Amino acid sequence: MNRSSSAPGFLRVAVFAPLRQTFHYLPCPTPWAWQPGQRVRVPFGKAQRLGIVLGLDPVPDRDPAQLKAVLEVLDPEPLLPASLHALLHFAAQYYHHPVGEIWATALPVLLRKGLMPFPPETCWGLSDAGRAQLQAGLKRAPRQQQALAFLAAQAGSTPESALPAAWGKGWKSLRDTCAAKGWICAQAPESRAPLQIPPSPFALNPDQTGAVAAIQAAQGFAPFLLDGVTGSGKTAVYLEVIAPLLAQDRQALVLVPDISLTPQLLQRFAARFGASQVAALHSGLTDIQRLAIWSRARRGELAVIIGTRSALFTPLARPGILIIDEEHDSSLKQQDGFRYSARDLAIVRARLENVPVVLGSATPSLESLHNARQGRFRHLILPRRAGNASLPQVGLIDLRRQALQGGLSQTLIKALRETLARGEQALLFINRRGYAPAILCHECGWVANCRRCSAPMTLHQGVRRLRCHHCGADHAIPAQCGNPLCGSPQLIPLGQGTEQVESVLRALPDLEVPIQRIDRDAVRRKGELEAALEEIQQGAPRILVGTQMLAKGHHFPQVTLVGIINADQGLFSADFRGQERLLAQVLQVAGRAGRAERPGQVLIQTHHPDHPLMQALRALDYGAHAEVLLTERELTGLPPFSALALLHAEAQQPPQTLEFLHDAARCLHHPELRAQGPLPAPMERRAGHYRAQLWLHAPRRETLAQALGPWLQAIEKLPSARRVRWTLDVDPVELL
DNA sequence: AGCACGCCGACT
DNA sequence: GTCGGCGTGCTC
């Protein structure tokens with residue numbers, strides 16, 4: 001049907017630009033059956049941009065004579081299924097972010113930038129003969145050798161449009177030669193045959209079996225909170241829930257917070273379902289590889305897709321289930337640009353796809369616990385560790401009036417020695433990298449602060465530098481106090497970081513085991529973390545000193561002692577989520593202890609052993625303290641008992657942010673919305689910019705989402721808005 | 001976000 | 001007399 005000649009309407013396009021509006025274009029020059037979800041190249045101001053056709057409107061919002069025409073249509077069909085159109089539409093409304101940018105972030109980079117025509121196009125892969133030939137080597141034909149090696153490295157089907165760049169001139173004849181010899185084959189976009197999955201090789205315990213049965217019984221959309229202590233075997237539950245779906249040719253999408261734990265998870269899925277059925281979208285992939293996985297998922301050729309936050313937008317031909325592992329983790333919330341929560345959007349997507357969604361965690365977010373209590377989520381509990389592993393013993397070390405050695409108490413050092421003497425491994429957790437979080441003048445108390453941030457600089461002893469962890473500033477260590485009236489040369493480190501703990505341990509007599517530091521400084525390059533983890537798996541006695549990095553999801557069977565060096569940070573945090581975060585973090589680290597046969601021990605150093613949170617940690621009781629925190633939130637009217645959004649502003653001068661936020665507060669007229677502030681941001685100055693924010697409270701998330709729209713329109717017109725950089729964060733998790 | 005236009009200071 | 005500062009406005 002030639003729809004352009006009969007002028008059925010005007011194309012509504014979401015241009016890839018940070019603008020909260022759509023634009024109309026004439027549907028020339030191609031006669032086309034226009035469908036929402038196709039990419040188009042359009043004239044935009046002086047330049048050209050890509051955008052997405054959102055729909056066809058009979059009447060444009062301005063004089064049709066002023067409209068420009070679409071320059072090019074890039075795709076023969078919509079890129080995403082209708083469910084994802086609806087999801088992105090919802091996200092635009094809920095987060096009040098420009099639709100064009102939302103689409104841009106949802107698409108693989110190569111499609112976002114228009115560097116790749118959209119599949120279905122021919123994809124090439126190695127045949128068995130090609131693999132054999134590559135093994136044997138092609139000494140007389142180096143180009144063919146290189147060509148085969150490239151496809152092998154791409155692992156999977158490589159779109160033909162990637163070949164010119166990879167193979168260079170004459171790629172066509174190279175392709176035809178290799179194809180003629182049967183070394184490479186064009187992979188037909190066919191659906192895979194339903195898989196026959198062997199029964200589970202591991203016996204599940206009754207808790208796990210119950211959880212699997214509950215999830216499998218779900219018909220269509222059903223949200224579950226899988227609340228299982230560390231080591232309770234949540235992954236095994238995921239595997240068994242997915243297995244029968246694959247036999248029905250359906251697909252599973254698994255989101256994890258951090259790339260560092262994808263390899264381990266990928267291995268387990270690949271071992272269960274076959275490597276060719278499972279793909280992980282991790283940071284080590286090239287853009288071409290990502291696009292290949294995306295296309296294969298879209299065509300239904302992959303059974304399981306594992307990925308981080310952005311993988312939520314992977315199209316699935318036949319979705320069967322969505323799984324969000326470590327659902328409490330804040331990295332599921334994007335912290336810049338389009339600030340979405342992959343966990344919250346996953347629930348929306350599951351509803352749109354009409355499939356079950358499982359949120360798994362040992363330390364569920366208060367939001368999810370609340371949803372479970374309200375009956376919105378089905379609460380599945382795994383209270384015991386799987387296999388023979390038992391939960392670790394937890395002890396609190398009262399630091400008050402104790403002599404400390406670089407932050408370590410004698411009790412902890414003694415336990416460390418005993419652990420190593422038994423031939424076991426120990427893990428010390430301290431969530432600060434560097435040697436010390438500040439340096440201080442011993443004479444007058446002056447602290448070396450960052451010039452551009454309201455924060456002290458961190459001492460890095462190894463490289464002998466002072467660094468700001470907020471803006472990246474890097475200076476030599478001053479020789480003397482910066483106070484002009486003092487100038488004393490006596491500058492002393494204040495507090496502890498991983499580097500200091502490492503050096504204190506090295507200085508201990510008769511402690512002849514390797515000490516391995518794991519933080520962003522120690523394992524800077526790609527693969528270094530994996531290499532370190534590999535070595536740890538070997539099992540020889542050693543001490544691991546590390547930050548967050550060490551805590552997430554890793555399995556260290558030989559670690560029997562976990563020491564938390566300073567649990568008090570966050571106890572009296574200004575952030576209302578401080579306690580929830582501290583509780584989750586310490587319990588996640590504690591969960592690394594004794595995951596195999598040998599029992600584990602956790603020692604927590606604190607100056608506040610009587611604090612209820614410390615008592616909860618000692619009892620390893622997340623649930624009870626989470627209830628306490630929930631009650632507090634209810635009394636204070638904070639999320640999840642209300643909805644929160646944050647208007648954040650940054651400018652060169654403090655008055656500019658305040659003027660803007662005051663103006664913004666004045667524009668607010670909604671009866672159910674309450675503005676609080678302007679308040680200085682937790683870090684008042686960062687990278688030379690002054691920062692302040694306005695908090696917006698509403699009784700319900702729906703009210704908030706709905707009221708924010710007109711308010712933002714008013715804000716965008718404010719003259720003061722132009723003098724600041726402002727962002728809106730709906731459901732903020734980090735308060736910036 | 002880009003990219004124009006536009007009106008005021010220190011320079012060849 | 002111009003080069004260029006960034007305030008203001010627009011992008012179908």
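Residue numbering restarts at 1 for every chain, and letters A, B, ... go by the order of the sequence lines. Please read all numbers here as calculations on a predicted model, not as lab measurements. All heavy atoms count here, side chains included; hydrogens, waters and symmetry mates do not.
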Point to revise | Residues Glu734(A), Arg581(A): salt bridge by 4.0 Å N-O rule | key: yes
Point to revise | Between Tyr95(A) and Asp729(A): side-chain donor-acceptor atoms closer than 3.5 Å | key: no
Exercise for review: Could you please name the option among dG9(C), dC12(C), dA1(B) that lies closest to any side-chain atom of Phe23(A)?
Suggested key: dC12(C)
Review point. Taking C-beta and beyond as the side chain, do Ile323(A) and Val357(A) meet within less than 4.5 Å on heavy atoms?
Key: no
Exercise for review: Assign Glu101(A) to base, sugar-phosphate, or nothing according to its heavy-atom contacts below 4.0 angstrom with the strands shown.
Suggested key: nothing
Practice item. Specify the separation, in whole Å, of atom CH2 of Trp103(A) and atom C1' of dA1(B). Key: 21 Å
Practice item. Just call it for Arg12(A): base, sugar-phosphate, or nothing, with non-hydrogen atoms closer than 4.0 Å on any strand. Key: nothing
Check your understanding: What nucleotide, of dC12(C), dA1(B), dG9(C), holds the atom closest to the side chain of Arg722(A)?
Key -> dG9(C)
Practice item. Have a look at Leu19(A) and say if it touches a base, only the backbone sugar-phosphate, or nothing, with a 4.0 Å heavy-atom cut-off. Key: base
Exercise for review: Starting at atom NZ of Lys717(A), determine the distance to atom C1' of dG7(C), rounded to an integer number of angstrom.
Suggested key: 20 Å
Review point. Tell me: CD of Glu716(A) to P of dA1(B), nearest whole Å?
Key: 11 Å
**Study point:** Separation of dC12(C) P from Leu56(A) CG (nearest whole Å)
**Key:** 19 Å
Exercise for review: Report yes if at least one side-chain N or O of Lys46(A) is closer than 4.0 Å to OP1 or OP2 of dC3(B); otherwise report no.
Suggested key: no
Point to revise | Interatomic distance, Gln66(A) CD vs dC10(C) P [rounded to whole Å] | key: 13 Å
Review point. Between atom CD in Gln21(A) and atom C1' in dA1(B), what is the gap in whole Å?
Key: 13 Å
Check your understanding: Under 30°, 30 to 60°, or over 60°: which ring-plane class applies to His97(A) and Phe338(A), parallel, tilted or perpendicular?
Key -> parallel
Check your understanding: Expressed in angstrom and rounded to an integer, what is the separation of Trp726(A) atom CH2 from dA1(B) atom P?
Key -> 10 Å
Exercise for review: Can you tell me the distance, in whole Å, between the CG atom of Leu718(A) and the P atom of dT8(C)?
Suggested key: 13 Å
**Study point:** Shortest side-chain distance from Tyr25(A), nucleotide among dA1(B), dA4(B), dC12(C)
**Key:** dC12(C)
Check your understanding: Arg723(A) side chain N/O closer than 4.0 Å to the phosphate oxygens (OP1, OP2) of dC6(C)?
Key -> no
Practice item. Would you mind classifying the nucleic acid contact of Pro719(A) as base, sugar-phosphate or nothing, using non-hydrogen atoms under 4.0 angstrom? Key: nothing
Exercise for review: Determine the contact category for Phe44(A): base if any of its heavy atoms lies under 4.0 Å from a base atom, sugar-phosphate if only primed atoms, P, OP1 or OP2 are that close, otherwise nothing.
Suggested key: base
Practice item. Please test Arg298(A) against Glu77(A) for salt bridge (charged side-chain N to carboxylate O under 4.0 Å, His left out), starting from the C-alpha separation and ending with a verdict. Key: CA-CA 13 Å; Arg298(A) 185 181 177 278; Glu77(A) 57 178 275; 3.0 Å; yes
Review point. Is the distance from OP1 or OP2 of dT11(C) to the nearest side-chain N or O of Arg62(A) less than 4.0 Å?
Key: yes
